[in-house]
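Note that the coordinates shown come from a computational prediction; the quantities given were computed from them, not determined experimentally.
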Amino acid sequence: MDLTLLRTFVTVHRAGSFTRAAALLGLSQPAVTSQIRTLERQLGRPLFLRQARGVTPTTVGDELAHRAAPHLDALVEIAGTAQDERDGLRTLHVAGPPEFTSARLLPALAPLIVQGLSVRASLLSSAEETLDGLAAGRHDLAVATARPRGGLFTATPLCDEEHVLVAAPRWAARLPPSGLREGAVVLEQLPVVEVHESLPFVARYWAAVFESKPAATVIAPDLRAVQASAASGAGLAVLPRYLCEDDLARGRLVALLDPPVPPLRTYFLVVRTGTLALPHIARAHEWLLRAAGDW
């Protein structure tokens with residue numbers, strides 16, 4: 001049986017779509033369709049059920065994938081190791097939110113870089129763009145703020161991010177000491193700094209703590225710009241604690257509230273299914289999961 005046909009089949013099985021598999025393989029969709037039809041003729045059985053959105057494997061397709069995928073992954077690992085020996089180095093392509101990638105991901109990989117790992121980072125604010133790039137093979141490993149669905153990706157919880165409502169000290173003096181409900185009335189009258197008009201951070205915080213939503217005054221599409229604006233007195237903001245903890249310690253920012261249950265957001269470490277068989281991806285994946293225990 002042609003290994004090229006099997007490789008295409010396993011890619012379609014994991015991607016759940018001829019279109020996405022074609023992007024991963026660098027082929028046209030008609031070429032992928034033709035290869036799957038050839039394999040189905042050779043086996044005399046259908047491997048996928050075509051649907052309006054993607055494909056679903058038949059029982060025969062699931063069984064073939066279960067038997068073939070581990071062996072194909074092993075061959076990829078052998079080929080990758082041989083290439084490493086020729087090149088002397090393997091490059092890891094990572095992607096994630098700009099702030100988290102800069103403050104957490106890349107510093108955590110520093111020991112592996114010192115040991116010879118080469119890293120290329122893509123700073124992407126859009127989760128959709130990040131996962132599309134991972135699916136297309138432009139990235140080896142990505143950090144996402146939602147667990148992706150389907151069999152194309154393998155996602156592992158990496159860490160929880162606590163969100164803190166902060167502002168420059170002069171705004172804190174305007175808050176009443178009587179409680180959250182009264183504080184919300186005052187807070188909603190203050191200027192707000194956010195990364196987008198939809199208020200992704202502030203709206204989530206308000207929904208969890210106050211069950212309402214304020215209006216934004218300043219929009220800056222980078223949390224580091226939001227942090228600097230808030231510290232300069234432009235207004236209140238909701239920031240990840242890891243990003244603002246130094247400003248909090250130095251008094252440049254003040255935590256305006258201390259809710260009993262602070263809003264959290266979970267980060268996921270995502271790879272294409274099967275690629276953890278590659279040593280450089282597996283090592284970085286394991287290293288980051290261990291590093292996250294201290295975050």
Side-chain angles (χ1 to χ4, degrees), residues 73 77 80-81 84 87-135 137-148 152-164 166 195 200-201 204 222-227 238-250 253 255 261-295:
D73 290 340
E77 180 180 358
T81 301
D84 287 350
D87 296 345
L89 191 64
R90 191 68 183 248
T91 300
L92 179 75
H93 295 264
V94 300
E99 305 84 8
F100 186 88
T101 303
S102 302
R104 292 294 199 206
L105 192 66
L106 291 176
L109 290 173
L112 298 186
I113 294 171
V114 171
Q115 295 172 22
L117 180 69
S118 180
V119 175
R120 300 293 182 269
S122 296
L123 308 181
L124 304 172
S125 298
S126 166
E128 182 178 2
E129 184 181 1
T130 299
L131 294 178
D132 284 347
L134 183 62
R138 293 192 294 273
H139 319 308
D140 301 313
L141 182 151
V143 173
T145 54
R147 186 190 293 273
L152 177 60
F153 302 117
T154 298
T156 307
L158 179 63
C159 64
D160 287 329
E161 170 187 270
E162 179 188 347
H163 288 176
V164 188
V166 299
V195 295
F201 286 85
R204 185 184 300 115
D222 188 300
L223 281 174
R224 290 162 296 192
V226 171
Q227 174 190 4
V238 173
L239 293 170
R241 183 172 289 279
Y242 78 84
L243 194 62
C244 63
E245 57 187 357
D246 183 60
D247 278 347
L248 290 171
R250 294 174 181 270
L253 286 172
V261 181
L264 300 175
R265 181 170 67 170
T266 301
Y267 284 102
F268 294 89
L269 198 56
V270 189
V271 297
R272 291 186 305 282
T273 299
T275 58
L276 286 178
L278 299 175
H280 72 299
I281 298 179
R283 189 178 184 200
H285 188 273
E286 180 184 359
W287 190 273
L288 289 170
L289 290 177
R290 282 189 295 176
D294 296 326
W295 296 345

Taking the six-membered ring for Trp and the full ring for Phe, Tyr or His, determine whether the centres of Phe100 and Trp295 are under 6.0 Å apart. yes
Report the distance from atom OG1 of Thr275 to atom CG of Leu141, rounding to the nearest 0.5 Å. 8.0 Å
For Arg224 against Pro98, the heavy-atom pair lying closest together: NH2-CB, 3.5 Å
Quick one: salt bridge (Lys or Arg N to Asp or Glu O under 4.0 Å) partners of Arg283, sequence neighbours excluded? none
Quick one: list whatever passes salt bridge (Lys or Arg N to Asp or Glu O under 4.0 Å) with Asp247, sequence neighbours left out. Arg252
Heavy-atom pair of closest approach, residues Arg241 and Leu248: NH1-CD1, 3.9 Å
Within this structure, what is the OG1-CG distance for the pair Thr156 and Leu288, rounded to the nearest 0.5 Å? 11.0 Å
Could you give me the CA-CA distance, side-chain angles and deciding distance for Val164 and Leu239, then say whether side chain to side chain contact (heavy atoms under 4.5 Å, CB included) is met? CA-CA 5 Å; Val164 188; Leu239 293 170; 5.8 Å; no
Under 3.5 Å, side chain of Trp287 to main-chain N/O of Ala108, donor-acceptor pair present? yes
Inspect the surroundings of CD in Gln115 and state if more than 12 heavy atoms from other residues, nucleotides or ligands are less than 6.0 Å away. yes
Between Val166 and Ala255, the two heavy atoms sitting closest are CG1-CA, 4.4 Å
Thr145 side chain to Tyr267 backbone, donor-acceptor under 3.5 Å: no
When you compare the side chain of His139 with that of Ser122, does any pair of heavy atoms fall below 4.5 Å? yes
Find the distance between CG (Asp140) and CD1 (Ile281) and round it off to the nearest 0.5 Å. 4.0 Å
Is it the case that Thr266 and Arg147 place a side-chain donor and acceptor less than 3.5 Å from each other? no
Quiz question: by atom type and distance under 3.5 Å, do the side chains of Ser118 and Arg120 form a donor-acceptor pair? yes
Please walk me through it: do Thr91 and Val119 pass side chain to side chain contact (heavy atoms under 4.5 Å, CB included)? CA-CA 6 Å; Thr91 300; Val119 175; over 6 Å; no
With sequence neighbours left out, the residues meeting salt bridge (Lys or Arg N to Asp or Glu O under 4.0 Å) with Glu161 are Arg265
Pairwise distance CG(Leu289) to NE2(His285) - rounded to 0.5 angstrom: 5.0 Å
On a heavy-atom basis, the closest approach of Ser102 and Leu123 is OG-CD1, 4.2 Å
Between Arg104 and Tyr242, the two heavy atoms sitting closest are NH2-CB, 2.9 Å
Would you say that Phe201 contacts Val195 through its side chain, given a criterion of any heavy-atom pair below 4.5 Å between the two side chains? yes
Kindly determine whether Leu131 and Val270 satisfy side chain to side chain contact (heavy atoms under 4.5 Å, CB included), including the steps that lead there. CA-CA 8 Å; Leu131 294 178; Val270 189; 4.3 Å; yes
Smallest separation among heavy atoms of Ala121 and Thr101, with atom names: CB-CG2, 4.5 Å
Does atom CZ (Arg250) have a neighbourhood of more than 12 heavy atoms from anything else shown, all under 6.0 Å? no
As a quick check of understanding, evaluate side chain to side chain contact (heavy atoms under 4.5 Å, CB included) for Leu264 and His163, giving each step before the final call. CA-CA 6 Å; Leu264 300 175; His163 288 176; over 6 Å; no
Output the distance between atom CG (Leu124) and atom CG (Asp132), rounded to the nearest 0.5 Å. 10.5 Å
Rounded to the nearest 0.5 Å, what separation is found between the CG atom of Leu112 and the CD atom of Glu286? 10.0 Å
